[in-house]
Structures are given as C-alpha cells and as structure tokens.
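Okay, so here's the structure we're looking at.
In this text the structure is predicted, and so the values were computed from the model without any measurement. Just so you know, ligand 1 is whichever comes first in the structure, and atom 1 is the first atom listed for that ligand.
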Amino acid sequence: MLIADIARTSADVAATSGRKAKVASLAECLRAAEPGEAAIVVAYLSGELPQRQIGVGYAALRDVPPPAPEPSLTVLAVDAAFTGIGAVSGAGSVARRRELVAALFGRATRPEQDFLIRLLAGELRQGALDGVMAEAIAAAAEVPSAEVRRAVMLRGSLGPVATAALADGVAGLRGFALEVGRPIKPMLAASAPDVDEAFGKLKAEAAVEWKLDGIRAQIHVSGGEVRVFTRTLDEITSRLPEVVAAVRELPVRDAVFDGELIALRPDGSPHPFQITSARTATRTATDAGPGGRGKGKGTVPLAVFLFDVLHLDGHDLLDAPGAERNAALAEVVPEGLRMPRVVTADPARAKEVFDEAVARGHEGVVVKSLDTPYTAGRRGAGWVKVKPRHTLDLVVLAVEWGHGRRQGLLSNLHLGARDPETGGFVMLGKTFKGLTDELLAWQTAKLRELAVREDDWTVHVRPELVVEIAFDGVQRSPRYPGGIALRFARVLRYRPDKSAAEADTIDTVRAVAPVMD
Ligand SMILES: Nc1ncnc2c1ncn2[C@@H]1O[C@H](COP(=O)(O)OP(=O)(O)OP(=O)(O)O)[C@@H](O)[C@H]1O
C-alpha cells in the first residue's frame, strides 16, 4: 500500500462529517491493506505511532524539499524510515534526524508531504477517532464492533487488534485476555449535576463512594510482585515504594486492582492536588506539570484507596457485576485500604455521603451500579460522578503572548473541547485568568515545546495539553465555531495526567451548562 492511499483516506475522513461515512472510508482503506500493514495503517490514520517513535522537532519539518512528481512511497518504507530516524542517538543526532526526515520528504508528493507533516507534528494524534476506528476495524473484518472494543480495552491499542481481526476474525479477537502485568484502559464515569440525578441514571440501590482528588492507579500483582500504572497506562512503580509496600501485604498472589492514590494530612483531609501529582511526576520538569519538581514537594507519602478488582488469583472479574467485584475486593483488602462506600437505595442517605465527602475536603462522590460489569475505557453509565461544581477539562489550541507585566510570557489560552464526530477540537473561548506566576512560567515553557506555528501574537500548538477550567456558564456566540462560548472561564490547574483524547467533548459542555443568550 502507498502512503498516498492513507493520505487520501485521512483527508476524506477529515472532510466528511458523518460518522458512517468516516467508518466506511477507513474500512475501505483497511481492507486494502496487506496483513503486515494493517497495524501501521491504523496507527497512522489515528496519528499514533511516529510521535512516540521519533521525536522530530517542528523545526525539522519547516524546510521541506521539493516534492516528488509521482507517488511511490510505500507504507512499509515510511515505517522503516521512521524506525531508522527514531533509532538515531548520540552526538549530532538532531542534525542527522533532520537529514533523514528531509530525505524521506524528498521521496513524497505534495499531498503525501502534507500528510507526513501533520502526522509528525502530532496534528492527527487526537485519539478522538478511536471509537470510529474501532468500528472501521469491525466493518473491514466483518466482526461485531463490541468484540473489537473489548479487545482494544484489553490490549490498550488499536494496531494489534486490527491485525488480529483482519487475520483471524472473532477467534483472533478472543485471543486478547486480561493479562496480569499489562495495564488496560480504566473505566470512566459519566457526570450528573446532583446525587438525585445520578441515582435516576442507575437502579434503585447503588453504591455511593467518596470521590478523592488523587491519581488513578491500576495496580497489578503478579506472583507477589507489585506494579503500578497510571490512567494513561504508564508505569510509575519505582516512584511509589510505600504503595508497593502496602499492596504487597495483601493476601494475594495474582491480582489487578483499581484505585486512587492521594496525599493526605494527618487529619485525613487532602493536600492540594499538586502535592499528590508531584509524586508521580515524569521525565522532564515541564512533563511533570506545574510545581512538579523541586521544593521538596514530591516527598509526601501517598495513601491507597482501592475501589475495584479486575482479577483475583486466576479468576477474571471484568464481567462480574459491581457488587460481586466489591465483595471480592473486601475479602482481600482491609477497610483502611478501601474507598469509603455506602450501599443504599435512599437518595437522601446518598446526599449525606456526598455532604460528608465534601465537608472533609474531597471532590464529591461516584455513584456506582451494583450490577454492571467493568467497562474499561468508556464513559459507561455504570459509574456516575457528582461534584459540587462543574469544571471542564479542555485542550489548549493556541496561546497569545502577554503584554505589560506578562511581556515575554505565553498568557491568553485558546481553549477547545473535543468534537467526537470530526475527531477535531472546537474552540470555546480564551482565558488568561487564574494563572499564577508559577503557572505562567510553566505554561510558557511547555507551550513553546508544543508550538507548531506563530502568527502575530498567537502561537499555535499541538493540541495535547489539558487544562481544567472553571466557568460561569455558556452563551451563544456566532464568533466561535461551535456557536457557543464559555463565560468567565478561568484556569484551575493543568491536568498532565490526562491526554487530549480524554478531554471533555462539546456535548459534555452543552450537558453541564444550559446555553444562555
Ligand atoms: N471512588 C472512586 N471511584 C472511581 N473513580 C474515582 C473514585 N474516587 C476518585 N476517582 C477518580 O475519578 C475519576 C473518575 O472520573 P472520570 O472518569 O470522569 O475521570 P476524570 O475525567 O479524571 O474525572 P475528574 O476530572 O472529575 O477527576 C477516576 O479516574 C479516578 O481518578
């Protein structure tokens, strides 16, 4: 298959608005792929692979050589070139990578070059197409899409699932099982404005658990060895010896737990979120999130609150109802390590739990169905979160240079919500409010790393950084592409633990706040 075929499909998918048409176009491309190409095709169309493999700065993409007259580049040739570029290391590697990128681009036609630039610049990597892509794999392989979704949740990525589905159909997909030691996508919660409505979404009796504002952790115990993964499936075991020690004490050989880690004060109230997130800070200072490094902040021990179990000593529990999973959890985990929880059919009692959680400084509650299975990676109706105030997790699309006291700093953020239909982002407003000096310095460094182009005062960035925004409402606004804009948006904090694919959608924005004229 030629990279031109993928470029064309990508352009078609971007240009069509209907989900069905997108699925059809992706499925057609997949059907045409050779067995060895399917995983690459899926990865490139959803913008996944090269970013991780390579690390080419945007500068390397600016001086593109003249295009080739005819398409001849194959998918496999491009993938081999990417692998080669990714393997360059040591002194002079930046220049060498640029040479290799230029050589690759010299073999591409203009539309192919455009596609490769968008791929390498991360403009295709929004993960927002994941659902559409799963359907396309199902259509191309002629298998039920639920089978594909389940395999994706268990494997954590689309490429290998596509290969298996196209080669061996349902039998191939059934080969994906929960594997202790390999993280799966965590279950997510839907939202409700209050406890009554959350109860309305579930059956009469439900569990009401505190919602702690910590770090999601999937903890795997394999033959007694403990490993900890984040919600983005990154391993953080070595940073959390106290968590490993606590879980090692449990009477299990093999298990997969789901839970929340949080830094608490001696009176049980939570430290600010930054104190918790500093403990799981990753690679560089900017990756770690604001305040993620230095000042001795990353030393407060984290407490463990487990709330689910997906596997226990040889038994998979993913498909077991919530109540059964919780009973299994209670058998092996002492109360002190479990999330506080009350099972009730009485919304008034649930409200008491909510009030108590909030009074103790926690975020709210998660109301959980007693009979739904663990639906990883989807905002299922099995869990419904309720918080006293609504905030949005939006993606920074661009940022303007500041004036006056903020001269030299990137200040006014352009905020976007995900549009699951198009796989893109819809801009909802701008804000420079709520930014402390520390946040300004951090975002200036981080957004410069993500910059893709600059015009006048505005720096356009790869849509990767997620920021939590408070706002007073949503109003109609013809100036904005979605026809609505946020009122009095202000920054609460950055969410380095979330990817852009997990940001709130335009539908969520409409659901949590009525649109005012
Ligand atoms: N008792 C609990 N059960 C499930 N999740 C919990 C609980 N307490 C805290 N959490 C956290 O809440 C999150 C569930 O909400 P959701 O799936 O919407 O993720 P989120 O978008 O990160 O939520 P938020 O931004 O509101 O924290 C989980 O990822 C987890 O980190």
Residues [X] and [Y]: side-chain donor-acceptor under 3.5 angstrom:
X: Tyr374; Y: Asp319; value: no
X: Thr232; Y: Asp234; value: yes
X: Gln274; Y: Ser277; value: no
X: Thr505; Y: Arg418; value: no
X: Gln443; Y: Tyr494; value: yes

Nearest non-hydrogen atom to [atom] belongs to which of [options]?
atom: atom 21 (O) of ligand 1; options: Glu468, Lys498, Arg338; value: Lys498
atom: atom 3 (N) of ligand 1; options: Lys368, Glu502, Lys211; value: Lys368
atom: atom 10 (N) of ligand 1; options: Met339, Glu363, Glu260, Met187; value: Glu260
atom: atom 19 (O) of ligand 1; options: Lys387, Arg216, Arg231, Glu209; value: Arg231

Under a 4.0 Å heavy-atom limit, does [X] contact ligand 1 with its side chain, its backbone, both, or neither?
X: Arg495; value: side chain
X: Leu188; value: both
X: Trp383; value: side chain
X: Asp393; value: side chain

task: Using distance alone, decide if ligand 1 has a nitrogen or oxygen within less than 3.5 Å of any nitrogen or oxygen in Phe307.
output: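 No, Phe307 has no N/O under 3.5 Å of an N/O on ligand 1.
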Set of salt bridge (Lys or Arg N to Asp or Glu O under 4.0 Å) partners for Asp213, sequence neighbours left out: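 Per chain and number, Asp213 pairs via salt bridge (Lys or Arg N to Asp or Glu O under 4.0 Å) with Arg493.
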- request: May I ask you to list the atoms of ligand 1 that are less than 4.0 angstrom from any heavy atom of Ala189?
  value: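 Within the 4.0 Å cut-off of Ala189, ligand 1 contributes 15 (O), 16 (P), 17 (O), 18 (O).
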message: Using a 4.0 Å cutoff against the non-hydrogen atoms of Val366, which atoms of ligand 1 qualify?
response: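 So the atoms of ligand 1 that pass are 2 (C), 3 (N), 7 (C).
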- request: Please identify each residue that fulfils ring-ring contact (aromatic ring centres under 6.0 Å, His included) with Phe305, with sequence neighbours left out.
  value: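 For Phe305, no residue satisfies ring-ring contact (aromatic ring centres under 6.0 Å, His included) once neighbours in sequence are set aside.
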- prompt: Do NZ/NE/NH1/NH2 and the carboxylate oxygens of Arg231 and Glu502 come within less than 4.0 Å?
  reply: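 Salt bridge flag = yes for Glu502 with Arg231.
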